[in-house]
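Comments concern the structure below.
Please read all numbers here as calculations on a predicted model, not as lab measurements. Every chain is numbered from 1 and lettered A, B, ... according to where its sequence line falls, protein lines coming before strand lines.
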Amino acid sequence: MTCSCATHTEKKDVGMPQEALVLEAKMMTATEKHFTLKLRDGSKFEYEPGQIVEAGLFGYGEIPLGLSSSPTQEDSFELVVRKVGKVSSALLKLEKGDSMYIRGPLGHGFPMEELRNSDVLIVAGGIGLCPTRSLIRYICDRREEFKKFTLFFGARSPKEQLFTDDLANWRCSMDVTYDETVDKGDDSWKGNVGVITTLFAKHPDLSPETKVIVCGPPIMYKFVIRELDKIGIPHENVFVDLERRMKCGMGKCGHCQINDKYTCKDGPVFRFSEIENLPEAI
Amino acid sequence: MPTYHLSETELSSWVNAIMATQPVIGPVAKKSRFVFDRLEDSADLRLDYDTTILPPKKAFFPPKQDLLHFDASGVRGAIKPESKVLFGVHPYDIKAIHMLDVLFAEGHPDHAYLANREATTIIGSSVQNHYQHAFFGTASPSVPVQGHDAFLTKIPDGYTLDILSEKGRKLIEGQNFKPASAEQTAASEKVNEDAKANCPEKLTYTSEEIKAKLKASWDSPLWEEASQDCFSCGSCNTTCSTCYCFDVQDTWNIDQKSGKRYRRWDACMTTEFAEVSVQGGTENFRETKAARYRHRMMRKAAYLNDKLGGPACVGCGRCSGACTADIANPVNFIDKLMKS
Ligand code: SF4
Ligand code: SF4
Ligand code: FES
């Protein structure tokens with residue numbers, strides 16, 4: 001996928017971390033923390049929905065994170081850190097007023113030109129909502145540029161739902177047809193129970209022309225693609241957001257490689273038809 | 001650009017002259033083998049070396065390199081290029097260095113590499129003795145030997161010296177070398193052609209044939225078979241002239257207030273290379289020895305061909321010699337693959 005947006009053509013030295021101020025920090029679940037940030041030097045952090053940053057702290061290291069906010073949001077940007085290892089645990093300790101160091105934006109985000117003037121379906125599973133939220137918010141902010149907009153979100157349980165304020169908004173929003181499910185409900189849960197693919201039957205009006213974004217745990221892709229095949233959506237119109245171990249974020253160190261592609265540079269968003277035959281992709 | 005003729009004595013006085021102005025890294029003996037090291041004495045230079053244990057890329061892409069320094073006052077880039085001369089690089093290693101130049105410069109340029117590389121002047125030298133596993137005569141033939149600044153060829157009556165760049169020209173300023181005669185130039189061309197033809201090992205297929213076969217063999221049982229005895233030690237990576245994967249780590253200084261971010265060579269043949277932390281454990285995108293072995297071969301002979309104009313293996317043979325399990329030799333594997 002090639003792109004000629006300003007973010008990719010300008011030569012910013014993404015090898016040098018920039019200091020970002022934590023404006024707000026909130027635990028979203030037991031293991032996920034939501035950060036709102038801005039650059040300390042006062043400049044605007046320019047990016048496209050779906051792009052990533054390497055976020056870190058000196059002395060600990062860096063981890064790749066998808067931007068969770070939309071670039072339409074003027075004076076801040078957002079990231080979600082999930083506690084998995086040494087670096088994320090250190091980042092999780094940050095509070096309002098602290099600094100986080102970021103490099104980026106890196107990679108290729110969602111194909112905005114192709115999504116404009118199209119029906120868009122986003123299928124997000126679990127923390128797959130974090131990077132796709134940048135696109136969801138973008139579409140809601142520039143609603144007139146897109147046609148029918150549908151969003152499916154699946155979580156393991158109601159407690160593991162992320163961005164609950166957003167979810168509450170989307171449930172009653174006119175901008176998006178939102179539907180959700182959990183693998184396992186609890187006493188208070190009144191919604192759909194089952195894997196994310198069970199939502200497709202409830203939306204028979206999805207057209208074969210829909211452009212689809214899929215982001216979630218690896219196991220999810222195969223089953224979602226099967227549903228899209230039933231609707232007749234060609235794989236050229238399906239985009240997946242992939243996760244790999246990353247180090248340099250600059251297409252050099254080799255850690256994020258999927259066959260001959262680099263997640264950090266060619267992705268993280270890939271056209272499904274371009275990677276479905278790469279044995280290492282999914 | 002001009003070609004000169006040097007006698008043995010002229011060569012050593014020239015090396016001494018360069019050493020007086022900047023560090024010279026060249027092949028020197030180490031036990032029964034050779035290494036690229038900083039010359040203390042021009043007499044230590046062993047232009048008759050067969051190959052070195054590690055490739056010369058370490059002169060500007062060291063096994064460990066600081067990227068950033070940090071302390072309470074902030075963070076600074078740690079790039080401090082030092083002018084130096086890399087002396088006596090064989091043609092296959094020159095080719096490999098050029099490949100790294102291309103890969104580190106494309107896309108987001110890697111300043112830590114490029115600054116060091118820019119500060120380095122490279123003087124090549126002809127192969128006088130072959131390493132037992134060398135097959136550079138038939139490896140990546142479409143990629144020219146390029147990017148160096150001068151080239152020295154041992155001929156029966158001394159050396160010819162080709163000056164190939166401005167950096168190279170600067171190094172001979174003040175020297176009174178005589179131009180090489182037509183016979184001397186012809187002799188040096190023959191030496192370099194013969195060195196290619198006399199490699200002890202040979203690839204007998206074209207790069208295109210190999211690439212096509214590799215791509216068609218993703219599910220071949222050969223990967224499993226070939227990698228059975230692999231120790232996942234990564235020696236075939238770290239000794240490779242064209243491998244450039246690295247890991248990035250942070251560490252604190254003793255004061256626990258300042259520290260550095262550095263990179264170090266990494267190896268895709270090791271178990272953890274493609275491992276990610278996920279909640280509750282790890283996930284490995286190349287879990288088996290076979291998958292890693294396949295990835296290495298693909299990177300050497302298929303994945304990077306378009307960017308480089310040919311396969312990313314220059315036939316130095318270091319991996320073949322470094323592998324305790326004796327399975328890393330590209331010639332042997334490719335022969336087996338092509339016949340499968
Ligand atoms: S192929 Fe040989 S050198 Fe390479 S990792 Fe395996 S045992 Fe080590
Ligand atoms: S793969 Fe082996 S022969 Fe080829 S360049 Fe690397 S070390 Fe040399
Ligand atoms: S993270 Fe280093 S190549 Fe992609």
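Of the inter-residue distances, the one linking W218(B) atom CH2 with N259(A) atom CG reads 4.0 Å to the nearest 0.5 angstrom. Remark: D260(A) CG to K307(B) NZ distance equals 8.5 Å, nearest 0.5 Å.
No part of Y113(B) comes within reach of chain A, as not one of its non-hydrogen atoms sits under 4.5 angstrom from that chain. Contacts of L103(B) with chain A are made by backbone atoms alone, with heavy-atom separations under 4.5 Å and no side-chain atom involved. Looking at M16(A), the atoms closer than 4.5 Å to chain B (heavy atoms on both sides) all sit in the side chain, from C-beta outward. For chain B, the nearby parts of Q257(A) are the backbone and the side chain; heavy atoms of each come within less than 4.5 Å. Residue D266(B) touches chain A through its side chain alone, counting heavy-atom pairs closer than 4.5 Å. For L304(B), the part sitting under 4.5 Å from any heavy atom of chain A is the side chain, from C-beta outward, and nothing else. In this structure, chain B has a heavy atom under 4.5 Å from the backbone of L57(A), while its side chain stays farther away.
Using modelled atom types, one side-chain atom of H255(A) and one backbone atom of F273(B) make a donor-acceptor pair closer than 3.5 Å.
Remark: E224(B) CD is loosely packed, at most 12 non-hydrogen atoms of other residues, nucleotides or ligands lying under 6.0 Å away. Counting non-hydrogen atoms of other residues, nucleotides and ligands closer than 6.0 Å to NZ of K257(B) gives a total of 12 or fewer. More than 12 heavy atoms of other shown residues, nucleotides or ligands fall within 6.0 angstrom of atom NZ in K213(B). The number of heavy-atom neighbours closer than 6.0 Å to NZ of K44(A), taken from other residues, nucleotides and ligands shown, is above 12. Y60(A) OH: 12 or fewer foreign heavy atoms inside a 6.0 Å radius. Within a 6.0 Å sphere centred on CD of E19(A), heavy atoms belonging to other residues, nucleotides or ligands number more than 12. The environment of K215(B) atom NZ is dense: over 12 non-hydrogen atoms of other residues, nucleotides or ligands sit within 6.0 angstrom.
Nearest approach of R261(B) to P17(A), heavy atoms of both residues: NH1-CG, 3.9 Å. The minimum heavy-atom distance linking E106(B) with G251(A) is given by the pair OE2-O, 4.5 Å.
Comparing K260(B), R294(B), R286(B) by heavy-atom pairs within less than 4.5 Å of chain A, the highest count is held by R286(B).
Between R263(B) and K252(A), the closest side-chain pair of non-hydrogen atoms is not below 4.5 Å.
Of residues 242-253 of chain B, those residues with a non-hydrogen atom less than 4.5 Å from any non-hydrogen atom of chain A are, in numerical order, Y244(B), C245(B), F246(B), D247(B), V248(B), Q249(B), D250(B), W252(B).
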